[in-house]
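Counting starts at 1 for both ligands and their atoms, following the listed order. Excluded from the calculations below are hydrogen atoms, water molecules and symmetry mates; all remaining heavy atoms, backbone and side chain alike, are included. All figures in this text were calculated on a predicted structure; none of them were measured in a lab.
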Amino acid sequence: MEGVLNLPPAPTLTDFLTVLTGAGVSAESGIRTFRDAGGLWESHRLEEVASPPAFARDPELVWRFYKARWENASRARPNPAHEALAAMGAALAGRFVLITQNVDGLHQCAGSAGVLDMHGSLHRCRCTRCDTHYSMRNVDLTPALPACPACGGLLRPDIVWFGEMPHYLDEIEVALRRTTLFLVAGTSGVVYPAAQFVQMARRNGASAIGVNLEPPDNIACFDTFIQGRAGVVLPQLAAAWLDADKS
Ligand SMILES: [Zn+2]
């Protein structure tokens, strides 16, 4: 039976909670990763549709891939893990930061504010000429190559591709310096630089809590590891912590 016997102590008023989420948190909303699918999309390797050289070579193929992923993400609904983190963020406002490796927008959909989506978002695109950012809803996606409403330049998905620098690294570093509790949920601990964040937080004196279906590769970095589905464990954690915060 899934259930948490020994929950880590609730954050106190002087605590700052930083959370990092990965694919495991979205899996329960039906968002599959390409590792699940053998790393392939329509027989293309992920590098062939998710890298700057791929976009330069065949932007129509890359756009077809991201339009399909955007439609899929738009149909998905947040699950209890997303809702638990939104509740934590609301209760700990001002001493809470949520970092995600997911690009599906489900944390924002659940009501989380200020999400640092370090790998970008399927719901945004940006102009390769003038760098204006758009919500995908606000651009005409009918053409095979969507164009910037402002300057006519070629739009690209606002996704961090292979070989590109993740977003928000400065903001993440500030959070990892400030944080006293670092909660990592639904990541396998293999994608860098995110896998190193737990070490950075611990060097700065934070305690680290891991939640995952399987023990992550970097399990030795955690003070506490809770094995289970994020959609089960995080609501338990939120309930225990937020009740304690009220009393
Ligand atoms: Zn433009």
Side-chain angles (χ1 to χ4, degrees), residues 20-23 25-26 29-34 37 39-78 82 86 89 97-175 191-194 197:
L20 169 68
T21 66
V25 166
S26 289
S29 291
I31 303 276
R32 284 163 58 81
T33 67
F34 290 88
L40 295 179
W41 175 73
E42 292 187 0
S43 81
H44 297 285
R45 284 185 306 116
L46 196 50
E47 290 81 355
E48 293 172 48
V49 285
S51 70
F55 190 64
R57 190 169 52 239
D58 193 346
E60 287 193 23
L61 173 75
V62 173
W63 261 115
R64 208 152 50 77
F65 173 64
Y66 281 102
K67 285 175 191 172
R69 289 190 68 194
W70 172 62
E71 282 164 13
N72 186 38
S74 300
R75 279 193 300 267
R77 303 306 309 155
H82 298 106
V97 167
L98 176 54
I99 306 163
T100 187
Q101 295 172 274
N102 300 334
V103 294
D104 49 49
L106 289 174
H107 285 301
Q108 290 90 335
C109 192
S112 284
V115 179
L116 302 179
D117 43 17
M118 61 181 292
H119 291 162
S121 172
L122 292 169
H123 300 275
R124 295 191 305 260
C125 57
R126 63 178 200 259
C127 180
T128 57
R129 188 187 294 164
C130 72
D131 200 41
T132 305
H133 287 55
Y134 298 97
S135 164
M136 290 279 265
R137 277 199 310 268
N138 296 335
V139 296
D140 181 6
L141 293 173
T142 340
L145 292 176
C148 174
C151 78
L154 175 62
L155 292 174
R156 61 160 279 179
D158 188 20
I159 292 284
V160 175
W161 285 331
F162 289 99
E164 294 186 313
M165 192 71 109
H167 296 332
Y168 302 118
L169 289 181
D170 290 344
E171 290 86 346
I172 290 170
E173 195 183 336
V174 169
V191 178
Y192 282 83
F197 292 169

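- The backbone N or O of Gln101 lies less than 3.5 Å from a partner atom in the side chain of His119, making a donor-acceptor pair.
- By the 4.5 Å heavy-atom criterion applied to side chains, Asp131 and Cys127 are not counted as neighbours.
- Residues satisfying the salt bridge (Lys or Arg N to Asp or Glu O under 4.0 Å) test with Asp104, not counting sequence neighbours, are none.
- Between Leu145 and Leu154, the closest side-chain pair of non-hydrogen atoms falls below 4.5 Å.
- Inside a sphere of radius 2.8 Å centred on the Zn ion (ligand 1), the protein N/O/S atoms present are Cys127 SG, Cys130 SG, Cys148 SG, Cys151 SG.
- Taking a cutoff of 4.0 Å between a charged side-chain nitrogen and a carboxylate oxygen, Arg156 and Glu164 qualify as a salt bridge.
- Side chains of Ser74 and Met136 form no contact here, defined as non-hydrogen atoms less than 4.5 Å apart.
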